[in-house]
Structures are given as C-alpha cells and as structure tokens.
Protein chains: 2
Amino acid sequence: MPTLHHLALLPECRFARLICKEYGIDLHLVEEPVWERREAFLALNPAGEVPVFVDDEGAVVVGAAALMEYLEETRGPAEGETRLMPTRPAERAEVRRLVGWAQRKIAADVSTWIVTEKALKRMMPEKLGGGAPDSAALRAARANWKWHLSYLDHLLDMRNWVAGDRITHADFAIAAELSALDYLGEIAWPEGGPTRDWYARMKSRPSFRPVLADIVRGIKPPAHYADPDF
Amino acid sequence: MPTLHHLALLPECRFARLICKEYGIDLHLVEEPVWERREAFLALNPAGEVPVFVDDEGAVVVGAAALMEYLEETRGPAEGETRLMPTRPAERAEVRRLVGWAQRKIAADVSTWIVTEKALKRMMPEKLGGGAPDSAALRAARANWKWHLSYLDHLLDMRNWVAGDRITHADFAIAAELSALDYLGEIAWPEGGPTRDWYARMKSRPSFRPVLADIVRGIKPPAHYADPDF
C-alpha cells in the first residue's frame with residue numbers, strides 16, 4: 001500500500017488523498033509535523049513540505065501537482081471514462097492552470113494563512129512558531145478569499161465542472177481548498193449559487209468521505225461541514 | 001509563431017523561454033506589465049501572472065510548469081535523445097520535484113523578492129506599488145538564498161545534472177532562477193564548486209544566449225553575467 005505523508009487540514013494534502021481515492025488507491029496515512037523538520041522526513045523531501053507520496057516500489061513523489069501527473073502516468077490509462085485528465089494537450093493545460101490557480105492563488109493568498117493561523121499554530125510548540133493566530137493575517141486572507149470566490153462563481157456559471165464538461169483533477173484541487181476553509185468555519189455559504197451547487201456535488205462523491213470524516217483534535221468543524229446536503 | 005507574454009527578469013518567464021528554445025520553438029515575445037492588470041491580458045490569464053504561452057492554434061498555457069508538460073505532450077516525442085523529460089514515471093516525478101523546488105522555494109523565498117524589490121518596483125508607478133526597495137525584504141531573501149544554494153551544491157556534488165545523469169527541465173527551471181539573481185548582482189560566485197561549474201555549462205548552451213543578451217532598461221548586469229567562462 002502506498003504511503004502519504006501529510007497534514008490533515010492542508011488543502012494540498014487533501015487534494016492528494018482525494019485523487020488517490022478516485023483512482024482506487026488506498027493509502028497508509030502518516031501525519032508529518034513538518035515544523036519539527038525530522039531528518040528522516042527531510043531525506044524524503046529536502047524542502048520539508050507535505051504531501052509526499054511513496055509508492056510500493058519506493059518511488060517518491062513530492063507535491064500534489066506532481067502526484068497528479070504521476071497517477072496519470074502510472075494509473076491514468078486504466079481509468080478509461082473516469083480518468084480525471086483530458087487527453088487533448090490544450091485541455092490538459094487548462095486543468096493544470098486551475099490546479100496552479102488553487103495552489104498559487106487560493107493557497108498562497110488565503111488557505112495557507114487561515115490553516116496556519118487557526119490550526120497549525122495550535123499544534124506547533126511556541127519556539128517553532130506556535131501561538132495565537134495573527135488577526136492581521138486572517139483579515140488579509142479573508143479579503144483575498146472574496147476575490148477568489150467570485151472568480152470561482154464566474155467559472156461555474158459557465159461550466160459544469162471547473163475545467164469544462166467533465167470532472168477533472170482541477171475540481172479536486174479547488175474543492176480541497178474549500179474543504180479546509182469550510183472545516184475552519186471560514187465559508188459563509190449563500191443560499192444557492194454555482195459554487196455551492198458544485199461543492200455539494202463534490203462532497204457527495206465517495207472519495208470525499210474519508211476526508212470529511214477526519215476530525216482535527218481540538219477543532220470542531222461547523223455542523224454543515226460533512227453534510228453533502230448542506 | 002507562438003507568443004509568450006512575459007517579464008524579462010522573472011525567473012519563471014526565463015524558464016519558459018529556455019525550454020522553448022531548447023525544443024527549437026521561436027517565440028514572439030510580448031512584455032506584460034502585470035501591475036497594470038490590462039483587461040486583454042486578464043482574459044488570457046485571470047490570475048494576472050506571467051508567463052502565458054499562446055500556441056499557433058490558440059491553445060493558452062499558463063505558467064512555466066504547465067508549459068513544460070505541454071511541450072512534452074506536443075513536441076517531446078520528436079525530441080528523441082535531446083528530450084528534457086525522462087520516460088520513467090519515478091524519474092519524471094524527480095524532475096517535477098525540482099521544478100517545484102525552484103518555483104516554491106527559490107522563487108517564493110528569494111528571487112521573487114529580489115526581482116520585485118530591485119527591478120519591478122522601479123518600473124511600477126508608485127500608486128501601483130512602485131518605489132524604493134524594501135531593505136528588510138532584501139535581507140530576508142538573501143538569508144534564504146544561502147540555504148537554497150547549499151542544497152544545490154549538495155545535489156550537484158552527487159549528480160552531473162540536477163535531476164540525475166541527463167539534463168532535464170529541472171536544470172532550466174533552476175538556472176533561470178540563478179540567472180535573474182546573477183543579473184541583479186546577487187550571486188557572489190566562489191572560485192569553483194559544483195554549482196558554478198554546472199551554471200557555466202548551462203550558460204554555454206545556445207538556448208541561453210537570447211536570455212543573457214537581454215538588457216533591462218536602467219539596470220546594468222555585472223561584467224561576468226553573460227560570460228560563459230566567468
């Protein structure tokens with residue numbers, strides 16, 4: 001069984017878990033407190049970041065975007081109709097643009113801040129950066145989130161799934177970001193709207209169940225969090 | 001001829017230019033002052049970032065990592081021995097890890113700060129963020145650079161090229177970062193050492209010539225910058 005070194009609330013780790021599950025891969029999950037900079041983990045990934053996937057043959061894949069490509073190369077062709085990557089290069093570029101948007105825009109501007117300030121800093125010892133949330137960082141992240149959500153609404157007004165007519169890796173990359181923000185009570189869901197409808201469809205997929213069932217010690221998600229009919 | 005929307009000093013744009021040239025693709029280069037947030041450019045890439053590659057058939061590829069994959073899919077097989085991507089999935093994952101390291105570690109911790117503070121802020125109008133460099137940001141970036149350079153030395157002590165025995169996209173991703181820092185006089189080259197030897201080999205490739213010939217208005221690179229025998 002492949003191993004995934006991860007942190008439960010980090011969106012990029014959730015993205016990795018979701019696409020593995022979609023492709024029928026069960027994972028041995030190992031929580032990695034990256035702030036401890038453990039030597040054994042740095043040997044796997046000198047950048048000291050999660051997720052890191054280790055396949056049964058020992059292949060090491062660092063980062064969810066690289067994992068997406070690795071899954072396509074090693075398991076993709078067997079997936080047929082349910083494959084999460086289109087076959088045309090221009091359409092594949094659109095999937096990668098949106099995965100990049102999740103990681104470089106939503107994560108860098110919003111979710112990494114929120115998850116770090118509200119969750120990770122509670123887990124870290126004070127001398128390694130732990131402590132109370134920085135309210136200025138949270139305010140900035142929340143302001144950024146409004147912009148990104150409006151772009152997502154705009155996309156989903158035009159498209160059935162974020163990259164087009166079919167569900168792709170990009171849907172999981174973005175839904176993973178939303179799920180972490182939602183766990184931390186950061187999403188004020190409107191009554192309806194394209195993003196809420198799409199996210200309800202994402203939450204109802206079997207691959208989402210284990211992610212939604214995770215409880216992070218000391219942090220209780222809002223009541224609607226794990227409910228696909230929220 | 002494909003178009004590349006870019007900024008000459010941004011490492012990720014340099015990476016895009018280098019790999020295109022390696023694959024024999026001539027580019028129509030268009031400088032994009034991203035801080036102006038021009039509507040026509042935001043229609044191409046709503047994230048408002050460069051590089052953006054537009055192929056002859058209109059395919060839009062956002063970001064150098066996505067461009068690397070697109071080039072592999074559309075031009076890679078024809079490259080044969082000179083292909084910049086290995087064929088085994090585990091080796092491809094290692095190339096992607098190092099491209100990610102260039103973009104998420106060197107760029108995010110060092111080069112984006114240096115290029116923004118020393119070059120882009122001179123080009124931007126004051127109301128859009130222009131002005132004098134922030135010396136605290138420069139100091140932090142320079143401190144980070146020492147760590148990243150020591151990892152690069154470590155890699156190149158063991159390997160002929162950054163990802164292994166053969167030159168790959170990862171060499172160009174990392175060399176692009178170094179070239180931008182070097183243009184701005186930020187690299188104090190030691191007499192010898194593995195990184196300097198490797199970078200001299202990178203600079204002597206024909207694909208590097210146009211990048212090294214670029215002069216950014218008002219900023220003069222050090223004398224050794226364009227010299228492969230520095």
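Each chain gets a letter, A, B and so on, in the order the sequences are listed, and its residues count up from 1. Only a predicted model underlies this, so the values are computations on that prediction, with no experimental measurement involved.
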Atom group of E49(A) that falls short of 4.5 Å from chain B, counting heavy atoms:
side chain
May I ask you to check whether over 12 heavy atoms, not counting those of E126(A), lie within 6.0 Å of atom CD?
no
Report, as yes or no, whether the 6.0 Å neighbourhood of atom CG on D157(A) holds more than 12 heavy atoms from other residues, nucleotides or ligands.
yes
Just wondering, more than 12 heavy atoms not from E39(A) lying within 6.0 Å of its CD?
no
Any Lys/Arg nitrogen of R96(A) or E72(B) sitting under 4.0 Å from an Asp/Glu carboxylate oxygen of the other?
no
Out of G58(B), A93(B), G100(B), A108(B), return the one with the most heavy atom pairs under 4.5 angstrom to chain A.
A93(B)
Per-residue contact mode, V60(A) against chain B (heavy atom under 4.5 angstrom):
backbone
E69(A)/R92(B) salt bridge by N-O under 4.0 Å criterion
no
Taking every non-hydrogen pair under 4.5 Å, which of E94(B), R104(B), H154(B) racks up the most with chain A?
R104(B)
Heavy atoms only: give me the nearest Y70(A)-A90(B) pair and the separation to one decimal.
CE1-N, 4.1 Å
Can you tell me which portion of R88(A) sits under 4.5 Å from chain B's heavy atoms? Options are side chain, backbone, both or neither.
neither
CH2/W145(A): more than 12 non-hydrogen atoms of other groups inside 6.0 Å:
yes
Which portion of Q103(A) sits near chain B, non-hydrogen atoms under 4.5 angstrom
side chain
Within a reach of under 6.0 Å around CG of D56(A), are more than 12 heavy atoms found that belong to other residues, nucleotides or ligands?
yes
Would you indicate whether W147(A), at its atom CH2, is surrounded by more than 12 heavy atoms from other residues, nucleotides or ligands within a distance under 6.0 Å?
no
Value for CH2 (W101(B)) from CG (N45(A)), rounded to nearest 0.5 Å, stands at 11.5 Å
Please tell me if the side chains of R97(A) and P46(B) come closer than 4.5 Å, counting only heavy atoms from C-beta onward.
yes
